[in-house]
> 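Below is the structure I would like to discuss, written out as structure tokens.
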Amino acid sequence: MAYSIKKNEIIDYPPEKLKEFDIMAYEWIDNLNFTLNPKDCIKNADEYISIVKQIFLEDGWDGDGDIQLMWVPPFMLKQGKQWAFTKGIAVWHVKQLEDGTSWIVYPKELFENDDKTNK
């Protein structure tokens, strides 16, 4: 079998780090076949989920749907970010039930400008 990181290696930061993340709303992510339950990946998942839930609610989420992890492979990132996120990145996702809007929490540095001269 080919090598793969273990599920418990997906999240490599403490729950408090989530408070530094950014959020976006996106219409619509309809393929949820590739999402993971955080409780399958993190021993103290409830701590993470509590913080992510608060971030979603503060941005306008209705509070429904299941909070999941969604993996973005490094080859989908801009070239400069591939080296910073060599394992890809797991973003936090919830699909709002009423209107299908997806809410995503992700590290701010994921979309920071690589070119320091073009701010």
Side-chain angles (χ1 to χ4, degrees):
M1 181 172 172
Y3 172 79
S4 179
I5 67 169
K6 297 175 183 163
K7 284 185 179 181
N8 65 357
E9 297 174 345
I10 293 172
I11 302 299
D12 60 359
Y13 50 84
E16 299 78 31
K17 181 75 173 167
L18 288 164
K19 295 175 182 176
E20 300 172 19
F21 282 27
D22 245 337
I23 187 168
M24 73 168 69
Y26 183 82
E27 296 179 359
W28 291 271
I29 296 175
D30 291 332
N31 185 349
L32 303 179
N33 293 302
F34 300 95
T35 59
L36 295 170
N37 184 334
K39 292 181 179 184
D40 294 338
C41 304
I42 314 166
K43 286 183 184 178
N44 57 337
D46 288 335
E47 292 179 55
Y48 288 84
I49 292 169
S50 175
I51 293 170
V52 170
K53 188 178 286 189
Q54 189 61 39
I55 294 168
F56 285 144
L57 288 169
E58 288 173 3
D59 205 61
W61 172 52
D62 288 344
D64 58 7
D66 297 322
I67 294 175
Q68 302 282 308
L69 294 171
M70 184 178 289
W71 182 59
V72 179
F75 61 81
M76 294 303 299
L77 305 174
K78 291 176 75 176
Q79 190 172 16
K81 296 300 175 186
Q82 291 175 13
W83 300 113
F85 297 96
T86 57
K87 295 188 294 187
I89 188 72
V91 297
W92 295 83
H93 170 268
V94 67
K95 186 173 177 93
Q96 192 162 269
L97 298 178
E98 183 180 339
D99 61 6
T101 300
S102 283
W103 297 87
I104 302 162
V105 169
Y106 59 91
K108 286 182 182 182
E109 60 268 21
L110 192 62
F111 292 113
E112 286 179 343
N113 193 347
D114 289 322
D115 182 359
K116 304 296 183 206
T117 61
N118 286 335
K119 287 189 176 184

> Please indicate whether Lys87 has more than 12 foreign heavy atoms, meaning atoms of other residues, nucleotides or ligands, lying under 6.0 Å from its NZ.
yes

> Backbone N or O of Phe56 within a donor-acceptor pair of the Trp92 side chain at under 3.5 Å?
no

> Restricting to side chain to side chain contact (heavy atoms under 4.5 Å, CB included), what partner residues turn up for Gln68, sequence neighbours left out?
Thr35, Asn37, Asp66

> A quick test of your reading: do over 12 heavy atoms of other residues, nucleotides or ligands sit less than 6.0 Å from CE of Met76?
no

> For a quick test of reading the model, state the closest non-hydrogen atom pair linking Lys81 to Glu109 and the distance between them.
NZ-O, 2.7 Å

> What pair of heavy atoms forms the shortest contact from Asp64 to Trp61, and how long is it?
O-NE1, 2.8 Å

> In the structure I gave you, are the side-chain heavy atoms of Met70 and Ile29 within less than 4.5 Å of one another anywhere?
yes

> Flag the pair Ile49 / Ile51 as yes when at least one side-chain heavy-atom distance between them is below 4.5 Å, and no otherwise.
no

> Please list, chain by chain and in numerical order, all residues satisfying side chain to side chain donor-acceptor pair (under 3.5 Å) with Lys95, sequence neighbours excluded.
Asp30

> Please round to the nearest 0.5 Å and tell me the distance separating atom CD of Glu16 and atom OH of Tyr48.
8.0 Å

> At what distance, to the nearest 0.5 angstrom, does CD1 of Ile10 lie from CD1 of Ile5?
5.5 Å

> In the structure I gave you, are the side-chain heavy atoms of Pro74 and Thr86 within less than 4.5 Å of one another anywhere?
no

> Tell me, do Leu36 and Phe34 make a side-chain contact under 4.5 Å, heavy atoms counted?
no

> Are Trp71 and Leu32 connected in the hydrophobic side-chain network, where two residues link if heavy atoms are under 4.5 Å apart?
no

> Taking only residues two or more places apart in sequence or in another chain, which ones pass ring pair (Phe, Tyr, Trp, His ring centres under 6.0 Å) with Tyr26?
none

> Would you check if Leu110 and Leu77 make a side-chain contact, meaning some heavy-atom pair closer than 4.5 Å?
yes

> Using a strict cut-off of less than 4.0 Å between a Lys/Arg side-chain nitrogen and an Asp/Glu carboxylate oxygen, indicate whether Glu9 and Lys6 qualify as a salt bridge.
no

> Any side-chain heavy atom of Lys17 sitting closer than 4.5 Å to one from Pro14?
yes

> Do Asp59 and Met24 have side-chain heavy atoms sitting under 4.5 Å apart?
no

> Checking Asn31 now: which residues fulfil side chain to side chain donor-acceptor pair (under 3.5 Å) with it, not counting sequence neighbours?
Asn33

> Determine the sole option in Ile11, Ile89, Val52, Val91 for which the side-chain contact (heavy atoms from CB on, under 4.5 Å) test with Leu69 is passed.
Ile11

> Side chains of residues 97-107: which donor-acceptor partners sit under 3.5 Å, not counting sequence neighbours?
residue	atom	partner	partner atom	Å
Asp99	OD1	Gln96	NE2	2.9
Asp99	OD1	Thr101	N	3.1
Asp99	OD1	Thr101	OG1	3.1
Asp99	OD2	Gln96	NE2	3.3
Asp99	OD2	Thr101	OG1	3.3
Ser102	OG	His93	NE2	2.8
Trp103	NE1	Gln96	OE1	3.2

> Which residues pass the side chain to side chain donor-acceptor pair (under 3.5 Å) test with Lys7, sequence neighbours left out?
none

